[in-house]
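Below is one structure; the comments refer to it alone.
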Amino acid sequence: MDNNIIGKSKVRAFTNIALVKYWGKKNEGLILPQNGSISLTLDHFYSETEVIFDSSLKKDEIYFNNERVEDNKIVNFLNILRNKADNDNFCIVKTVNTVPTSAGLASSSSGFAALAAASSKAIGMNLSNMEISKLARRGSGSATRSIYGGLVEWIPGTNDKNSYAQPLSYDKKLDLNLITVILNRNEKKISSRYGMKSSVETSPYYDVWIKQANEDLKNMKMAIKKNDFTSLGRITETNAMRMHSLTLSADPSFTYFNEDTLKTINLVKDLREQGLECYFTIDAGPNVKILCQDKNTNKIMKKLLLHFKHSDLVINHPGPGIQFIY
Ligand code: 2P0
């Protein structure tokens, strides 16, 4: 046993995809969102993070998929944690990701959820899931929601203490599936952080977005309560397009879509016309996610395979919340 080790922990956290999007901060330091959001945690993509606090270290050491990296966002997060824990030791962070990083498949959601849970335990704090959710938020907004499985709501709040996520109860007969269509595995050119800031500061439609997103959130919760997949899907799709209209109306304007994104959107609409009910959502990258129900997934996959490689399509079911491995 190494005498210098103060504590260690390893956690697995799954990514989530927002059905009502978070797009803009009202406090950048604390990562307080302008509006509430609702997401689905997936079962296929996750991050596994081990944190070891060691009194002999002179600085934090961060390894990503077994390679040593410098990462300011992680060091900033660890400084927030040290401050909260009143403990100035450094640590080793080892993260392995099954999510293509920064390609709009929400790798930061699982990454910071796993880091918040593992680092807080390793430094000796014994936090509730609600407290872990608040802490994860300081690393990345979407990570707030990845603490929990299934459908999750992030309550926007007004300060560090009242902005956190909570699980939404829903009927498992909703049978939600989400097929990720990977069109591009490369790192995106415009970070969500920049994209949000630019939308808040320069889109003339930003105030309308907040109003509409609140409305979408209310209607989405109603659809979930009523077990109404059609309403849930329609809100998911329109809310995503409303978010992306902020990027198109920013100055300078930008978009996360590429030509394959538009083709895939049209394909989803075609499938729907053929009687296969499904809806799309898109995040800060070109990849498209298709929401459907168990009963239609195989038929939809068959149609998608006429256009995409098998390895670029991943079927997800609702995934679990954070899992402590030790
Ligand atoms: C979401 N996205 O609700 C929205 C929809 C992407 C599109 O949250 O700046 O990595 O670290 O809080 O959470 C992605 O942005 O941004 C995101 P920060 P984050 O999932």
Side-chain angles (χ1 to χ4, degrees), residues 13-42 45 47 71-74 76-77 80 97 99-116 133-148 151-157 160 163-165 178 180 187-201 209-210 213-214 216-217 220 235-248 250 254-257 261 280-289 291:
F14 294 77
T15 90
N16 72 76
I17 296 297
L19 309 182
V20 173
K21 308 290 187 194
Y22 144 57
W23 197 251
K25 299 173 180 64
K26 61 184 172 211
N27 181 319
E28 289 177 8
L30 292 173
I31 311 197
L32 300 177
Q34 292 269 7
N35 61 276
S37 53
I38 291 177
S39 61
L40 177 68
T41 301
L42 307 184
F45 300 118
S47 302
D71 190 314
N72 283 337
K73 268 195 193 172
I74 291 182
N76 286 344
F77 174 85
I80 291 167
N97 234 343
V99 193
T101 308
S102 294
L105 283 170
S107 58
S108 68
S109 68
S110 54
F112 276 103
L115 179 63
S133 174
K134 292 177 200 172
L135 180 62
R137 195 196 74 237
R138 303 296 300 273
S140 189
S142 53
T144 311
R145 300 182 305 238
S146 266
I147 306 310
Y148 300 101
L151 290 168
V152 179
E153 177 180 9
W154 176 8
I155 295 155
D160 193 27
S163 182
Y164 54 86
L178 189 139
T180 50
E187 192 144 339
K188 65 193 167 211
K189 291 193 188 77
I190 301 166
S191 70
S192 330
R193 206 155 276 194
Y194 166 83
M196 285 184 202
K197 190 171 161 62
S198 157
S199 301
V200 174
E201 289 173 359
W209 157 260
I210 300 176
N214 286 328
D216 292 346
L217 187 113
M220 175 72 79
I235 298 163
T236 296
E237 202 171 283
T238 48
N239 179 268
M241 288 308 241
R242 285 165 180 157
M243 180 205 118
H244 287 277
S245 71
L246 294 172
T247 74
L248 295 171
F254 62 100
T255 182
Y256 291 105
F257 294 2
T261 312
F280 63 82
T281 187
I282 301 155
D283 294 287
N287 301 315
V288 177
K289 295 99 186 182
L291 196 64

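Counting starts at 1 for both ligands and their atoms, in listed order.
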Suppose I only count heavy atoms of [X] and a 4.0 Å limit; which atoms of ligand 1 are within that range?
X: Arg193; value: 9 (O), 11 (O), 18 (P)
X: Ile31; value: 12 (O)
X: Ser142; value: 8 (O), 10 (O), 13 (O), 19 (P), 20 (O)
X: Ala18; value: 1 (C), 3 (O), 20 (O)
X: Met243; value: 5 (C), 7 (C)
X: Gly141; value: 11 (O), 12 (O), 13 (O), 18 (P)
X: Ser192; value: 14 (C), 15 (O)

Within a reach of under 6.0 Å around NZ of Lys26, are more than 12 heavy atoms found that belong to other residues, nucleotides or ligands?
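Check passes, neighbour count above 12.
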Hey, what do you get for CG (Asn76) to CZ (Arg138), rounding to the nearest 0.5 Å?
10.5 Å
Side chains of [X] and [Y] only: does a donor on one sit below 3.5 Å from an acceptor on the other?
X: Ser109; Y: Ser142; result: no
X: Asn16; Y: Thr41; result: no
X: Lys73; Y: Ser140; result: no

Can you tell me how the ring of Trp154 sits relative to the ring of Tyr22, calling it parallel under 30°, perpendicular over 60° and tilted otherwise?
perpendicular
Which of parallel (below 30°), tilted (30 to 60°) and perpendicular (above 60°) describes Tyr256 and Trp23?
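If you compare the ring of Tyr256 with that of Trp23, the planes turn out perpendicular.
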What part of Arg145 sits under 4.0 Å from ligand 1 if we count only heavy atoms: the side chain, the backbone, both or neither?
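It is the side chain that touches ligand 1; the backbone stays farther off.
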To which of Met196, Lys25, Lys21 does the heavy atom nearest atom 9 (O) of ligand 1 belong?
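Of the listed residues, Lys25 has the closest heavy atom.
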Evaluating non-hydrogen atoms only, which member of Phe112, Tyr22, Tyr256 is closest to atom 8 (O) of ligand 1?
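Checking each option, the heavy atom nearest atom 8 (O) of ligand 1 is found in Tyr22.
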May I ask you to check if ligand 1 and Ser108 share an N or O to N or O distance below 3.5 Å?
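The answer is yes, given that Ser108 and ligand 1 share an N or O pair closer than 3.5 Å.
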Looking only at N/O atoms, are Lys73 and ligand 1 under 3.5 Å apart anywhere?
no
Hey, is Lys289 close enough to Asp283 for a salt bridge, meaning N to O under 4.0 Å?
yes
